[in-house]
Protein chains: 2
Amino acid sequence: MGQVLDEDAMDQPVKPTTLARRATSYDVARKAGVSQSAVSRCFAPGGSIAPATRKRIEKVAAELGYRPNALAQGLISGRTNMVAVLISSLTNLYYPEVLEELTRRLTERDTRVLLFSLRAEGEVDEVLDQVWRHSLDGVISAARLSDAQIQLFEDHRVPLVLYNRVPAKARAASVCCDSAAGEVELVERLLAAGHRDFGIIAGPEDSYVGEERRRAALDRLAAAGFNDVPVVRGDFSYSGGREGLRQLMAGGLSLNAVICGNDQMAIGAIDCAREAFKLKIPDDLSIVGFDGTAPASWSSYRVTSIRQPVRRMTEAAVSMLIERIENENTSAERRLFAGEFVRGASARLA
Amino acid sequence: MGQVLDEDAMDQPVKPTTLARRATSYDVARKAGVSQSAVSRCFAPGGSIAPATRKRIEKVAAELGYRPNALAQGLISGRTNMVAVLISSLTNLYYPEVLEELTRRLTERDTRVLLFSLRAEGEVDEVLDQVWRHSLDGVISAARLSDAQIQLFEDHRVPLVLYNRVPAKARAASVCCDSAAGEVELVERLLAAGHRDFGIIAGPEDSYVGEERRRAALDRLAAAGFNDVPVVRGDFSYSGGREGLRQLMAGGLSLNAVICGNDQMAIGAIDCAREAFKLKIPDDLSIVGFDGTAPASWSSYRVTSIRQPVRRMTEAAVSMLIERIENENTSAERRLFAGEFVRGASARLA
DNA sequence: CTGTTAGCGCTTTCAA
DNA sequence: TTGAAAGCGCTAACAG
């Protein structure tokens, strides 16, 4: 405002000091009496520039409210500081927590998050298209990706980190909570407490962790001599849990313990057991879940469960991604985190 | 692959058909024997181009796996098809639903979502910086914005739609659920059922809806002759609700009805009432919430509440934003949606 | 309908 | 340390 500048002032006959459009590095350069590339270097991480020059440029930049245009930067440098986060369904109570942590950590590392919330399988291809088109630096996926899709990331040289899933055959970095170990711990504790009549409300077939948990529970039970454990499936939702319990009970068998694919279904099962079957939890029936979500700890439920170490897992996912973005050739790594047993009060334990 | 092309073939001596880098419109143009701008028009919405030409270009583009570079498009056209969604805290059970709906609807309209999850107030300025730098087309904010910040949107000519909040003074488009009306309905129903001893567990002072709900409830109660209704505050969380009820009860007064700032606090209050004070809900105490979130309908709680019409609200927010993006001068509009009463079973009603 | 010509705003050699 | 110049890949006039 009203500031008089050096020689440049009269080169251009009439130049309004207030630009309609946003100030560019050029505007700053002219007003500061330096070249445009000097301005660029001034804002670049390790740009060599004399302290005095830098100071002058910064002053003018501040006056003009100049900010480097991220699009132009990305176009030329090939780096956008944007990554995609793929989530299958936000309605699963477990994901908001994960999403919150991921975005926060990425933001801390000066990386923007492009959110893609998938409902159908088919949508993945469209999302990947966007990833390439926007030159995203990387992707964290908590959604199902086929081997072919994972291969595309290698072709496009876009770093990828899978969250709570591992690829069938393709190689890719991944961060997981050890579902099998967690499920085994739950089963063993139930066995130790004398439970003998089990039922399982598993997750949907197309869920990686769902299948892993179901398999681990069944295997451990088989090892203990229980071979015909009834299994029904739910969609990880509250009503899925209710419906699952109803189906199990419809068999007419007397259950001791119900193993649910996640906390939300466990909550549904608990409510259903109490309401529809007048059962006391855990006296009449033990119910366990998985994840360690917040609602599972509400005093009406106090679900016995395995808590995923979300903080450490998200931290790992973000670190791995950034590392892969910064270092082209970081080998595929798989990090497996142990879950933490949550005693709760929905299962009778020794 | 192995396809022989027309005259251009021998202009360039040695040109590998498989590019290391991504194919550009130039590559397509050369291989299809057309100008680069023809390729551009081929992929542009209303580009005039002969059917035959188009077909040839599309064929080559498919072979090369060509996709327009979104960065370049954005840089030159000034339109990025990306918007920011600002959320204050994902941990509030109400937001995942909103976020899911918003992203889905925006994606349907070919718009990408840049997610910003704010914890502290101060972070807003950094977020806005990113918005300008990335030339985002618009912003939907479910986070608190100061008048000065809202003004910045006008300065930068970036469309803004506020979600469940209205600016103090500045003018901005907004979509809200009518908190006041909803709260009044709850209070009136409680009054009609004969409740006389009220308590309020309000949201934090810095929450727009929290304050609106508190005020509406207090006003309606005052109009009915109840002037010294005790008010405590929570942070919209489960434990906030528990703690809130504990504080209200600590006063030694006998309460009939507790009005909570949201469902999550109502759930906490219900659990606390049952567990710590051995109260029967709703026989001994009526508790009402707000939002109509999924957990509120779980059979252990069945919270009497007001359900926000999330679908319609998100649809409205997205429509308003897109409209403002497409039409520079769309005036500030405020759309207010009525909430729907959910009878539930946590309040004794007439 | 098509090609030519300018840039969008920036990073990056390369000389000076 | 600095500036000039060459693009990144695309859209948008403008002629033809």
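Letters A, B, ... are given to chains in the order of the sequence lines, protein chains preceding strands, and every chain is numbered from 1.
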Let me know which of B/T103, B/T111, B/V161, B/L106 forms a side-chain contact (heavy atoms from CB on, under 4.5 Å) with B/V318. B/L106

Answer yes if the side chains of B/Q36 and B/S25 hold a donor-acceptor pair under 3.5 Å, and no otherwise. yes

Does a distance-only test, which skips hydrogens and angles, find a donor-acceptor pair under 3.5 Å between the side chain of B/S37 and the base of C/dT4? yes

Rounded to whole Å, CG of A/N81 lies from C1' of C/dC10 at a distance of 14 Å

Take atom CZ of A/R56 and atom P of D/dT1, then tell me their distance rounded to the nearest Å. 15 Å

Rounded distance in Å - CG (B/L64) to P (D/dG9): 13 Å

Does atom CZ of A/R133 have more than 12 heavy-atom neighbours, drawn from other residues, nucleotides or ligands, at distances under 6.0 Å? yes

Nucleotide of C/dC1, D/dC10, D/dT2 approaching A/I49 most closely (side-chain heavy atoms): D/dT2

Which of D/dG9, C/dC1, C/dC10 is nearest the side chain of A/Q36? It is C/dC10

Within the structure shown, what part of the strands sits under 4.0 Å from B/R54 by heavy-atom distance: base, sugar-phosphate, or nothing? nothing

Go through C/dG9, D/dT1, D/dC10 for me and flag the one nearest to the A/A50 side chain. D/dT1

Please work out if A/L75 contacts a base, only the sugar-phosphate, or nothing of the nucleic acid, heavy-atom cut-off 4.0 Å. base

Which pair of non-hydrogen atoms, one from A/R165 and one from A/Y208, has the smallest distance, and what is that distance? CA-CD2, 3.4 Å

Grab the CZ-C1' distance between B/R79 and C/dG9 for me, whole Å please. 20 Å

Is the shortest side-chain N/O distance from B/S25 to OP1 or OP2 of D/dC10 below 4.0 Å? yes

Is there, by distance only and without an angle test, a donor paired with an acceptor across the side chain of B/R41 and the base of C/dG3 below 3.5 Å? yes

Could you work out which one of D/dT1, C/dC10, D/dC10 sits closest to the side chain of A/T53? D/dT1

So B/Y66, base contact, sugar-phosphate only, or nothing? Heavy-atom distance under 4.0 Å. sugar-phosphate

Distance check: side-chain N/O of B/Q73 vs OP1/OP2 of D/dC10, anything under 4.0 Å? no

Whole-Å distance between D/dG9 C1' and A/L71 CG? 12 Å

Whole-Å distance between D/dT11 P and B/Y26 OH? 14 Å

d(CG, A/N69; P, C/dG9) in whole Å: 7 Å

What nucleotide among C/dG3, D/dG9, C/dT2 has an atom nearest to a side-chain atom of B/A38? C/dG3

Let me see the working for B/R335 and B/E315 under salt bridge (Lys or Arg N to Asp or Glu O under 4.0 Å), right down to the final yes or no. CA-CA 11 Å; B/R335 293 182 63 176; B/E315 168 58 31; over 6 Å; no

Should the pair B/D129-A/R67 be classified as a salt bridge under the 4.0 Å nitrogen-to-oxygen rule? yes

Categorize B/R133 for me: base, sugar-phosphate, or nothing, with a 4.0 angstrom heavy-atom threshold over every strand shown. nothing

Taking the side chain of B/S35 as heavy atoms from C-beta outward, which of C/dG3, D/dT1, D/dT11 is closest to it? C/dG3

